[in-house]
Amino acid sequence: MLLASALLPLLLFKGCAGLQHREAPGKALPPSQDPWYTAPPDFESASPGTILRIRPDPSNITAIVAAEVAYNILYRSTDTRYRPSWAVTTLLVPKTPREKRNGTDGKAALLSFQIPYNTASVDAGPSYLLATNFGLNVPGVMPFTAYIDDALRCGWYVTVPDFEGPTASFGAGPQAGHAVLDNVRAALSAAELDDNPAATRYAMWGYSGGSIASAFAAEMQASYAPELDFAGTAIGGIVPDLTEVFRKPISNVSSMIPAGLLGVTAQYPEARDFLVSQLKTSGPYNATGFLQALDFTAFEAIGYFGLHNISEYFTNGLEALYAAPELARVFGDNEFQGYHGIPQMPLFVHKAIHDESNGIATSDDLISHYCKVGANILYHRNTVGGHEAEFINGIPRVFEFLSAVFNGSYGERYNTTGCTWVDVSVDVTAPATGES
Ligand SMILES: *[C@@H]1O[C@H](CO)[C@@H](O)[C@H](O)[C@H]1NC(C)=O
Ligand SMILES: *[C@@H]1O[C@H](CO)[C@@H](O)[C@H](O)[C@H]1NC(C)=O
Ligand SMILES: *[C@@H]1O[C@H](CO)[C@@H](O)[C@H](O)[C@H]1NC(C)=O
Ligand SMILES: *[C@@H]1O[C@H](CO)[C@@H](O)[C@H](O)[C@H]1NC(C)=O
Ligand SMILES: *[C@@H]1O[C@H](CO)[C@@H](O)[C@H](O)[C@H]1NC(C)=O
Ligand SMILES: *[C@@H]1O[C@H](CO)[C@@H](O)[C@H](O)[C@H]1NC(C)=O
Ligand SMILES: *[C@@H]1O[C@H](CO)[C@@H](O)[C@H](O)[C@H]1NC(C)=O
């Protein structure tokens, strides 16, 4: 679900816990303490995607990635229950934008990059923690900022939404879909890009938790943001059914279950009360420990929950939660892809066949489901690696796809209709093994 989730439990158990990264990145304040992160009066009357506030990013992100300037934008959006809401994104402006480069067709490129920040804390979103890379300063683990830097060096504008919104609703699909679509609307209307919206191509990218937000956005675009015309969407490590991942009480990603359950119930007070009522109140696995997930980054959650059996926190176990009528509708509305519309733009989808977080079967089902109704998809099933490895293995193919959709060569290089399923063997760490 999150990069390095397989590695970090071990690393943290050897003493890498106690992350001190949440001390002020640059001059930024935690969102919960920063009055900038509040909706202006009467924000409901603005149309979704309207910029409500904009400021130079107060962190030192421009010292870390090759951005000329970075902004935080607070924009009108819609929550997971389809009520007026708002969200924040970080818009990074490249030093030499594509449209100003010689030898291009003069069109700008905007990439909406959905980071799998997987947390139930409003103080752990990208707009606040991107500059410190969520505390992920672990040797051998590539930070997300490295790929943002690559995109900026391609001349692409990059927008990085806090798609969980102001309630940190990790796992709430429509919430994320709305926030991603409105973040693109907001970025397109920012001064840097609004000269001529038709002169900007835009695309989405997300892996794992970021693929959930991207896939919901791709499904919901036709109904929620019909004026948008995405050049493409790249999603990897897809999670068509989040409950499949979170039913396993001990796994490399089970430390994210508390944030997932708290996140998906954040906008449903009765469901949240029911969830909390099911927690044990004493013993080593109790409500007090569980509810700390409300303040953890994903990495802090890995440090605390590690390989705890999450079922042990519940009086009747975890499986009973997924069977509870009090929660069924919340899961049904939020955690399943394939029910909110047909992606209209070209998709590049990649997944490891041996992805241990949720397997390949539900991914194959989702892609078949989209393909039956006319989607245009290149689907790569990688015989090599698992969930973590596939993020890295996918990078060159993702950048190739994004480059093609941004420079208008997609039609020459990819099938523009129907679906192409390919089993590949890609291992970027072993140059001898090519794509088969
Ligand atoms: C950015 O700020 C963080 C937190 O203040 C600091 O740890 C880091 O070294 C800074 N990075 C750069 C490149 O200035
Ligand atoms: C584009 O080409 C012109 C003429 O060769 C040159 O002066 C200019 O610096 C180039 N611009 C960029 C962005 O490379
Ligand atoms: C974690 O992932 C590794 C690598 O895929 C796998 O070998 C291991 O069995 C997983 N651990 C658990 C607890 O699932
Ligand atoms: C709750 O769990 C924590 C961590 O295991 C433990 O320190 C604390 O004593 C527990 N509380 C109760 C009331 O058992
Ligand atoms: C996790 O805890 C539950 C509830 O106590 C138990 O039924 C289950 O067997 C445990 N799973 C593992 C893998 O230990
Ligand atoms: C567009 O991008 C693709 C993929 O990187 C590249 O192979 C191709 O040469 C580019 N075409 C143009 C016209 O820039
Ligand atoms: C296009 O589709 C055909 C038929 O499925 C396939 O053989 C070919 O490899 C595809 N081309 C690309 C570029 O994906």
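Both ligands and their constituent atoms are indexed starting at 1 by order of listing.
- Close approach of ligand 2 to K100 (heavy-atom distance below 4.0 Å) involves ligand atoms 13 (C).
- By the definition of a contact as any protein heavy atom under 4.0 Å away, atom 9 (O) of ligand 4 is not in contact.
- Each of the atoms 2 (O), 4 (C), 5 (O) of ligand 6 lies under 4.0 Å from some heavy atom of S403.
- Proximity of the aromatic rings of F113 and Y147 is defined here by a centroid distance below 6.0 angstrom, and this criterion is not met.
- R381 and D364 are joined by a salt bridge, as a carboxylate oxygen and a charged side-chain nitrogen come within less than 4.0 angstrom of each other.
- Residue F314 forms a ring pair (Phe, Tyr, Trp, His ring centres under 6.0 Å) with just one option from Y285, F290, F274, and that option is F290.
- Between D150 and R153 there is no salt bridge, since no side-chain nitrogen of the basic residue lies less than 4.0 Å from a carboxylate oxygen of the acidic one.
- Remark: aromatic rings of Y157 and Y202 are distant, center separation not under 6.0 Å.
- For atom 13 (C) of ligand 4, the closest non-hydrogen atom of the protein is T281 O, 3.6 Å.
- Of the candidates D105, V405, N407, N407 brings a heavy atom nearest to atom 3 (C) of ligand 6.
- Between the side chain of H350 and the main chain of G394, no donor-acceptor pair closer than 3.5 Å is present.
- E390 has a carboxylate O that lies under 4.0 Å from a charged side-chain N of R397, or vice versa, which qualifies the two as a salt bridge.
- Between N102 and ligand 2, an N or O atom pair is found at a separation short of 3.5 Å.
- Here Y304 has side-chain heavy atoms under 4.0 Å from ligand 4, and that is the only part of it that gets that close.
- For atom 1 (C) of ligand 4, the nearest non-hydrogen atom of the protein is N286 ND2, 1.5 Å.
- The single protein non-hydrogen atom nearest to atom 7 (O) of ligand 6 is R413 NH1, 3.2 Å, given as residue, atom name and distance.
- Residue P284 holds the heavy atom nearest to atom 5 (O) of ligand 4 of all those in S282, A287, G283, P284.
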